[in-house]
Amino acid sequence: MSGNGNAGNAAATAEENGSKMKVIRVGTRKSQLARIQTDSVVAMLKALYPGLQFEIIAMSTTGDKILDTALSKIGEKSLFTKELEYALEKNEVDLVVHSLKDLPTVLPPAFTIGAICKRENPCDAVVFHPKFVGKTLETLPEKSTVGTSSLRRAAQLQRKFPHLEFKSIRGNLNTRLRKLDEQHEFSAIILAVAGLQRMGWQNRVGQILHPEECMYAVGQGALAVEVRAKDQDILDLVGVLHDPETLLRCIAERAFLRHLEGGCSVPVAVHTVIKDGQLYLTGGVWSLDGSDSMQETMQATIHVPTQYDDGPEDDPQLVAITAQNIPRGAQLAAENLGISLASLLLNKGAKNILDVARQLNDVH
């Protein structure tokens with residue numbers, strides 16, 4: 001985590017406020033991966049605030065319960081977040097840990113993302129059926145079936161590997177790996193590298209898909225902490241977890257997606273890099289079968305802070321994120337980059353690709 005004495009001061013103030021709260025209640029989904037992710041965030045908070053107690057409350061979400069339907073068909077933007085937000089609203093929990101890619105770019109007004117932790121590898125990985133270990137997607141036999149729950153992955157990979165067939169696979173990571181290993185339906189499945197690493201399953205990664213092969217989902221690889229927008233004590237408490245570089249990349253990515261009006265029902269993907277004071281954002285849209293696509297790259301000069309700034313801002317939220325201790329100018333530059341890239345693609349006809357993808361997805 002970036003930061004210096006300022007972060008320490010913020011932590012000390014937040015701990016003082018937090019001590020009035022007795023126990024900080026943390027909401028999470030019930031899956032093993034969600035619990036591991038939540039435990040890692042709670043461990044960071046405990047290191048910062050040794051005097052505070054934390055209680056983890058696990059619950060099931062709509063997305064965890066509906067397992068026989070592709071995510072893109074369910075038509076609900078907050079599949080993995082709604083029940084957790086309900087608990088936040090009812091004051092049953094004080095903060096909730098999510099995979100950032102599960103959080104819509106527009107949240108209900110009562111909530112905000114109070115922290116985005118340092119991103120792990122955002123790329124996708126291929127996990128092969130035991131009999132195909134050592135292969136790559138390119139060398140899999142003709143008509144092999146590859147499982148993925150993501151239109152984004154399927155569209156890009158169909159275009160790149162036309163000899164393969166792509167089929168929806170649902171369930172948490174444990175369930176998907178079991179389906180791969182025990183049934184003979186799939187030759188391989190596509191999963192996020194970060195999830196496999198957090199589960200300690202790096203040895204199952206048969207191939208990492210680099211952005212030139214398959215760009216990743218907006219926010220993939222980063223953990224987010226959602227809080228009540230008006231709960232300043234908790235905002236102060238979690239705000240020191242913000243990783244400035246991850247935050248700025250994800251603001252650009254989320255602004256791009258929001259301006260395109262994309263979601264999980266259309267194939268939209270991104271790739272971001274910060275290098276020599278420049279934030280580079282590549283974004284793309286695809287038709288469902290990958291045959292039609294459009295992508296562009298833009299860059300913006302950005303100052304990544306090495307220390308935290310003090311002082312809240314008026315109306316601090318950008319793409320549902322509150323980062324009161326990161327310079328506003330850098331956040332706005334990242335947001336403008338995302339909007340500019342989306343506008344460029346829309347002017348070139350991306351809306352047509354997305355509209356057709358939406359209609360076809362509704363029909364199938």
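Hydrogens, waters and symmetry mates are skipped; everything else that's a heavy atom, side chains included, is used. Residue indices begin at 1 and follow the sequence shown.
Of the candidates Leu107, Leu95, Thr112, Leu107 is the only one forming a side-chain contact (heavy atoms from CB on, under 4.5 Å) with Glu226.
Defined by atom type and a distance below 3.5 Å, a donor-acceptor pair is present between the side-chain atoms of Gln232 and Gln324. A donor and an acceptor atom, one from each side chain of Ser99 and Gln37, are located under 3.5 Å apart. Counting only N and O atoms by type, the side chains of Thr246 and Arg119 include no donor and acceptor under 3.5 Å apart. Of the N and O atoms on the side chains of Gln32 and Asn172, not one donor lies less than 3.5 Å from an acceptor on the other residue. Between the side chains of Arg176 and Ser149, at least one donor N or O sits under 3.5 Å from an acceptor N or O. Side-chain atoms of Arg153 and Gln158 include no donor-acceptor pair closer than 3.5 Å. Side chains of Thr272 and Glu253: a donor-acceptor N/O pair is present below 3.5 angstrom, by distance only. Side chain to side chain, Gln295 and Thr282 fail the donor-acceptor criterion of an N or O pair below 3.5 Å.
A donor-acceptor pair is defined here as one N or O able to donate and one able to accept, closer than 3.5 Å; such a pair exists between the side chain of Gln207 and the backbone of Leu137. At distances below 3.5 Å, at least one donor-acceptor pair connects side-chain atoms of Arg159 with backbone N or O atoms of Ser291. A donor-acceptor pair is defined here as one N or O able to donate and one able to accept, closer than 3.5 Å; such a pair exists between the side chain of His129 and the backbone of Lys131. The backbone N or O of Val266 sits nowhere less than 3.5 Å from a side-chain atom of Arg152 that would complete a donor-acceptor pair.
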Applying side-chain hydrogen bond (donor to acceptor under 3.5 Å, both in side chains) to Asp355 and Gln359, what does each step give before you reach the verdict? CA-CA 6 Å; Asp355 286 347; Gln359 287 157 9; 5.7 Å; no

After noting the C-alpha distance and the side-chain angles of Gln202 and Gln197, does the key distance pass the side-chain hydrogen bond (donor to acceptor under 3.5 Å, both in side chains) rule? CA-CA 5 Å; Gln202 294 90 326; Gln197 286 177 335; over 6 Å; no

What pairs of donor and acceptor atoms, side-chain ones from residues 339-349 against any protein atom, are under 3.5 angstrom apart with sequence neighbours left out?
from   : atom 1 : to     : atom 2 : distance (Å)
Ser340 : OG     : Asn336 : O      : 2.8
Ser343 : OG     : His259 : NE2    : 3.2
Ser343 : OG     : Ile339 : O      : 2.9
Asn347 : ND2    : Ser343 : O      : 3.2
Lys348 : NZ     : Glu296 : OE2    : 2.5

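Summarising the local packing, CD of Glu92 is surrounded by more than 12 heavy atoms from other residues, nucleotides or ligands at distances under 6.0 Å.
Under the 6.0 Å cut-off for aromatic ring centres, Tyr216 and His271 qualify, their centroids lying closer than that.
Classification of Arg198 and Glu120 as a salt-bridged pair holds, one side-chain N sitting under 4.0 Å from a carboxylate O.
There is a path of hydrophobic side-chain contacts, each under 4.5 Å, that joins Tyr49 to Ile24. With hydrophobic clusters built from ILVMFWY side chains whose heavy atoms lie under 4.5 angstrom apart, Leu237 shares a cluster with Val41.
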